[in-house]
Amino acid sequence: MTEGTRPPAAAAFDAIGAAYEQAFAGSAAHRESLTRLLERLDPRSRVLDVGSGTGRPTAAALADAGHDVLGVDVSPVMVELASRRVPGASFRCADIRALPLEPGALDAVCVYFALLQMSRGEQTRLVHRLAGALRPGGRLVLATVPLDVEEVDAEFMGQRVRVTSFGPEALVALVAGAGLTVEWERHTVFTPDRPGAAPEPQLFLHCTRG
């Protein structure tokens, strides 16, 4: 990606860097979600981690369990951190919206809070593409902040960002429209470990491809 084509999320997360991991490390719901996924994966599963950040906890937990993990992130700073911290996984600096995906090639896809700076149309198209990249019976784990907002300017960890999301019912309808069945749904509220941080709603969905 050239500087002119870099998505806004790249600059924001380059600046945030390792502080993101520190702020969200205490999420019990994220750990519960990962544990649930790990209990259901076959040995040596092929897993794509979208918006992989520093690689922890998601890619690290999957790689430590012996799975073949590719993490994709738009931030070169995050990719460099993840490559050092999680040597058992592979990482690529790329925009998932433009990354070719082989149909039916993956056993699981993780998308933890990686959609929020995409438009609703982009989120919808991406979820459909990710669903198509799963083998039959493959699993998609999706976590987001389930607010009915579109193109809202906000501050996130000191960076100006533009946020778009779906409410809970609309998000469930989105994944259903992509041919996925929701097997597990967890609503929670989490406060990042950062001065002045406010509690935020979070929604975790575990889905399977029919």
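In this chain, residues are counted from 1 in sequence order. As the structure is a prediction and not an experimental result, all values here were calculated from the model.
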Atom OG in Ser75, atom CG in Leu81: separation rounded to 0.5 Å?
8.0 Å

For the student: nearest non-hydrogen atoms of Val74 and Ala10, plus distance
O-CB, 3.4 Å

Side-chain heavy-atom pair Thr144, Leu171 within 4.5 angstrom cut-off
yes

Check: Leu48 and Leu101 side chains under 4.5 Å, non-hydrogen atoms
yes

Is Arg40 close to Trp184 at the side-chain level, that is, under 4.5 Å between some pair of heavy atoms?
no

Gap between atom CG of Asp42 and atom CZ of Arg139 - 0.5 Å precision
8.5 Å

Counterpart residues, side chain to side chain donor-acceptor pair (under 3.5 Å), relative to Arg162 (two or more places apart):
Asp153

Would you say Pro168 and His187 make side-chain contact, with heavy atoms under 4.5 Å?
yes

CE of Met118 to CD1 of Ile96: how many Å apart, nearest 0.5 Å?
7.5 Å

Counting C-beta onward and ignoring hydrogens, is there a side-chain heavy-atom pair between Arg125 and Arg97 closer than 4.5 Å?
no

Pairwise side-chain contact, Met157 with Phe24, heavy-atom cut-off 4.5 Å (strictly under):
yes

Please assess Phe156 against Gln117 for the test side-chain contact (heavy atoms from CB on, under 4.5 Å), listing each intermediate value before the final yes or no.
CA-CA 11 Å; Phe156 178 71; Gln117 292 189 61; 5.8 Å; no

Which heavy atom of Ala178 sits nearest to which heavy atom of His128, and what is that distance?
CA-CE1, 3.6 Å

Any Phe113 side-chain heavy atom under 4.5 Å of Tyr20 side chain
yes

Treat each ILVMFWY residue as a node, draw an edge where side-chain heavy atoms are under 4.5 Å apart, and state whether Leu147 and Val163 are in one component.
yes

Are there over 12 heavy-atom neighbours, none belonging to Arg92, within less than 6.0 Å of that residue's CZ?
no

Check whether Val149 and Phe166 end up in the same hydrophobic cluster, where Ile, Leu, Val, Met, Phe, Trp and Tyr are linked by side-chain heavy atoms less than 4.5 Å apart.
no

Sub-3.5 Å donor-acceptor pair from the side chain of Arg31 to the main-chain atoms of Pro57, do we have one?
no

For Thr164, does its backbone N or O pair with a side-chain atom of Gln123 as donor and acceptor, under 3.5 Å?
yes

Do Leu126 and Leu99 share a hydrophobic cluster (ILVMFWY, side-chain heavy atoms under 4.5 Å, transitive)?
yes

Side-chain contact test, heavy atoms from C-beta onward, threshold under 4.5 Å: evaluate it for Arg135 versus Asp107 and give yes or no.
yes

Single-linkage hydrophobic cluster Val182~Leu41, side-chain heavy atoms < 4.5 angstrom:
no

Group every Ile, Leu, Val, Met, Phe, Trp and Tyr by side-chain heavy-atom contacts under 4.5 Å, then state whether Met78 and Val72 land in the same group.
no

Enumerate, atom names and distances included, each donor-acceptor pair closer than 3.5 Å involving a side-chain atom of residues 199-210, sequence neighbours excluded.
residue: Glu200; atom: OE2; partner: Gln202; partner atom: NE2; Å: 2.9
residue: His206; atom: NE2; partner: Ser33; partner atom: O; Å: 3.4
residue: His206; atom: NE2; partner: Ser33; partner atom: OG; Å: 2.7
residue: Arg209; atom: NH1; partner: Leu134; partner atom: O; Å: 2.2

Could you tell me which non-hydrogen atom of Ala12 sits nearest to which non-hydrogen atom of Val161, and how far apart they are?
CB-CG1, 4.1 Å

If the condition is side chain to side chain contact (heavy atoms under 4.5 Å, CB included), which residues does Asp148 pass it with, not counting sequence neighbours?
Arg120

Taking atom CD of Glu151 as the centre, report whether more than 12 heavy atoms of other residues, nucleotides or ligands fall under 6.0 Å from it.
yes

Considering non-hydrogen atoms only, spot the tightest contact between Asp14 and Val77 and give its length.
OD1-N, 3.2 Å

Which residues satisfy the side chain to side chain contact (heavy atoms under 4.5 Å, CB included) test with Val111, sequence neighbours excluded?
Val50, Val109, Ala114, Leu115, Leu130, Leu142

Residue set satisfying side chain to side chain contact (heavy atoms under 4.5 Å, CB included) with Ala197, at least two apart, ordered chain then number -> Thr191, Pro192, Arg194

If you take all heavy atoms of Leu38 and Ala61, which pair is closest and at what distance?
CD2-O, 4.1 Å

Selection residues 47-71 - residue pairs positive for side-chain hydrogen bond (donor to acceptor under 3.5 Å, both in side chains), sequence neighbours left out
Glu21-Thr54, Glu21-Arg56, His30-Thr58

Return the CG to CG distance between Leu106 and Leu140, rounded to the nearest 0.5 Å.
10.0 Å

Of all the heavy-atom pairs spanning Gly51 and Asp73, show the shortest one and how long it is.
C-OD2, 3.4 Å

